[in-house]
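In what follows, a single structure is set out as structure tokens and then discussed.
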Amino acid sequence: MLAHEDRSWRGRLRAREASERRSLPRGRLVEFVRLIFVTLFAAAGYTVATRVSRSPSETLAYVVLGTSTGFVLGGVLGRQTATAVRSMEEELRKVPAAEIVAGVGGLIAGLAVAALLSVPVFRLPPLVAWTTVAFTYVTLGSAGFRIGRTKHEELFGLIGMKPRASGAPEKIFVVDTSALIDGRILDLVATGFLSGDLLLHTAVLRELQTIADSSDPRRRARGRRGLDAVGELKRAATVEVHLIEDDDGSDVDAVLVRVARERGASLVTTDHNLSKVAEAVGVPVPRLNDLAAAFRLPIGIGDAIEVRLVKQGREAGQAVGYLDDGTMVVVEAAGEQIGSDAPIVVRNVIKTATGRMVFANLQ
């Protein structure tokens with residue numbers, strides 16, 4: 001058993017050493033650093049040889065010694081440099097480009113202020129002056145970089161620009177007409193849940209325009225609310241709205257699902273059937289109804305409200321209306337009130353797969 005454990009331990013050790021050898025940074029950067037060190041140390045060996053050696057063989061020995069030393073040190077420092085560059089690259093990938101640009105601008109501003117403050121310092125003794133100047137440059141440069149990164153949105157806003165949102169795959173969303181009409185997407189953007197790139201298809205805009213031009217006043221109001229939501233999203237600082245002009249004559253829902261699938265995006269919709277179709281083909285669908293429930297105005301039992309009844313319900317005498325956010329309201333014994341605004345009293349609120357449903361009686 002001990003022999004088996006010893007072999008297992010040795011096997012893990014060899015695997016780790018092999019992994020470390022494979023992970024050693026190689027490439028042009030390492031060889032370039034090594035070439036620089038080889039050249040420098042070879043030149044240093046030749047310089048020393050011309051001063052102390054008395055024969056060509058000794059000169060050659062010094063040059064070979066310098067070249068060998070440069071080769072070894074260049075390889076070590078080259079790998080360290082490549083590792084540092086790779087780590088910096090990985091860290092910079094996590095930082096949005098807008099933050100980097102604003103941080104560099106803050107760094108330049110900090111160094112400029114440090115340069116102005118350093119002018120009178122040079123009247124002090126040299127040791128004190130250079131120490132104070134170095135401290136000032138490091139402190140103000142670091143502070144400027146941090147302030148620029150932290151306040152990048154405000155700084156870009158001062159010059160009338162909006163930093164582009166990050167385009168990571170998990171931050172790309174395709175927006176459906178129902179989500180724009182619903183209006184709660186603005187609350188989710190304001191809270192930071194939806195951030196990144198929002199893809200808006202031209203078919204969605206045409207559908208919103210058709211709804212906004214409807215002769216039905218309530219339908220027209222819903223369409224205009226959707227168009228207003230598009231305008232608010234374009235002005236939001238945490239998202240970037242991209243217009244997609246890809247009209248192949250297909251159904252709007254099918255086009256949105258296809259676009260989301262091809263681009264690895266999530267589909268934002270409140271349409272229950274569309275969300276099921278999207279999930280069936282592997283397109284992520286954020287649970288907008290669940291996530292936005294907290295932003296909806298609470299309606300409790302006993303509340304008196306007014307709603308316009310638009311159609312008959314399933315049961316005899318029932319009438320159905322809708323709140324501004326699309327919540328269905330079923331009113332008992334209100335069949336004669338269809339087509340008018342009726343004062344009602346809420347008697348029950350239930351949660352469904354598509355949101356909430358309100359049951360009420362005439363007041």
Side-chain angles (χ1 to χ4, degrees), residues 162 164-165 171-191 193-263 265-279 283-289 291-293 295-297 307-308 310-311 320-329 354-356:
K162 183 177 69 172
R164 187 180 185 277
K171 293 293 185 179
I172 302 178
F173 301 92
V174 177
V175 185
D176 179 37
T177 308
S178 61
L180 295 172
I181 291 177
D182 182 89
R184 292 173 295 177
I185 188 174
L186 298 175
D187 297 321
L188 298 179
V189 169
T191 57
F193 174 76
L194 291 181
S195 62
D197 293 340
L198 297 185
L199 307 183
L200 184 62
H201 203 280
T202 53
V204 173
L205 290 179
R206 289 196 298 268
E207 195 170 31
L208 285 175
Q209 184 178 6
T210 301
I211 297 174
D213 293 338
S214 175
S215 58
D216 185 356
R218 295 186 65 85
R219 182 176 172 84
R220 184 167 60 249
R222 289 163 62 87
R224 291 177 178 175
R225 184 166 64 245
L227 294 175
D228 292 339
V230 173
E232 292 292 334
L233 290 175
K234 291 183 69 67
R235 289 189 292 270
T238 57
V239 296
E240 184 77 13
V241 179
H242 302 275
L243 188 63
I244 302 177
E245 299 180 0
D246 180 19
D247 191 3
D248 58 358
S250 303
D251 179 69
V252 176
D253 293 347
V255 170
L256 295 180
V257 173
R258 177 178 57 81
V259 170
R261 187 177 182 182
E262 291 177 351
R263 306 198 179 201
S266 299
L267 179 62
V268 181
T269 180
T270 59
D271 189 328
H272 181 67
N273 295 329
L274 178 58
S275 64
K276 291 297 182 182
V277 173
E279 290 177 347
V283 175
V285 180
R287 299 292 181 181
L288 190 60
N289 288 310
L291 293 169
F295 304 106
R296 185 178 301 193
L297 293 176
V307 64
R308 184 174 182 82
V310 296
K311 63 179 181 180
V320 176
Y322 296 91
L323 301 180
D324 291 338
D325 60 5
T327 301
M328 179 182 291
V329 181
T354 58
R356 293 179 182 178

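Atoms considered below: every heavy atom in the structure, side chains included; atoms not considered: hydrogens, waters and symmetry mates.
Contact annotation: the side chain of Tyr322 never approaches that of Thr327 to less than 4.5 Å [non-hydrogen atoms, C-beta and beyond]. At least one side-chain heavy atom of Ile172 sits less than 4.5 Å from a side-chain heavy atom of Leu199. Between Val204 and Val175, every side-chain heavy-atom pair lies at or beyond the 4.5 Å cut-off. Side-chain contact between Ile211 and Arg220 is absent, with no heavy-atom pair separated by less than 4.5 Å. Between Val230 and Leu208, the closest side-chain pair of non-hydrogen atoms falls below 4.5 Å. In this structure, Val283 and Glu262 have side chains that are not in contact, with every pair of non-hydrogen atoms separated by 4.5 Å or more.
Of the listed residues (Leu233, Thr270, Val268), just one forms a side chain to side chain contact (heavy atoms under 4.5 Å, CB included) with Leu180, and that residue is Leu233.
Listed by chain and residue number, Leu186, Arg235 satisfy the side chain to side chain contact (heavy atoms under 4.5 Å, CB included) test with Glu232 (two or more places apart in sequence, or in another chain). Annotation: side chain to side chain contact (heavy atoms under 4.5 Å, CB included) contacts of Asp216 (sequence neighbours excluded): Ser214, Arg218, Arg219. Remark: Thr210 pairs with no residue by the side chain to side chain contact (heavy atoms under 4.5 Å, CB included) rule, at least two apart or across chains. The side chain to side chain contact (heavy atoms under 4.5 Å, CB included) check on Leu274 picks up Asp176, Asp253, Val257, Leu267, Thr269, Asp271, with sequence neighbours excluded.
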Run the numbers on His242 and Leu198 for side chain to side chain contact (heavy atoms under 4.5 Å, CB included), then give the verdict. CA-CA 6 Å; His242 302 275; Leu198 297 185; over 6 Å; no
What do the steps show when you test Thr202 against Ile244 for side chain to side chain contact (heavy atoms under 4.5 Å, CB included), and what is the final call? CA-CA 6 Å; Thr202 53; Ile244 302 177; over 6 Å; no
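Atoms CD and OG1, from Glu207 and Thr177 in turn, are 3.5 Å apart once rounded to the nearest 0.5 Å. Separating the CZ atom in Phe173 from the CG atom in Leu188 is a distance of 9.5 Å, to the nearest 0.5 Å. Here the straight-line distance linking atom OG of Ser178 with atom CZ of Arg222 works out to 9.5 Å at 0.5 Å rounding.
Between Pro284 and Ala265, the shortest heavy-atom distance links the atoms CD-O, 3.7 Å. Closest heavy-atom contact between Leu256 and His201: CD2-CB, 3.9 Å. When all heavy atoms of Met328 and Val320 are compared, the closest pair comes out as CG-CG1, 3.7 Å.
Heavy atoms of other residues, nucleotides or ligands lying less than 6.0 angstrom from CZ of Arg308 number more than 12.
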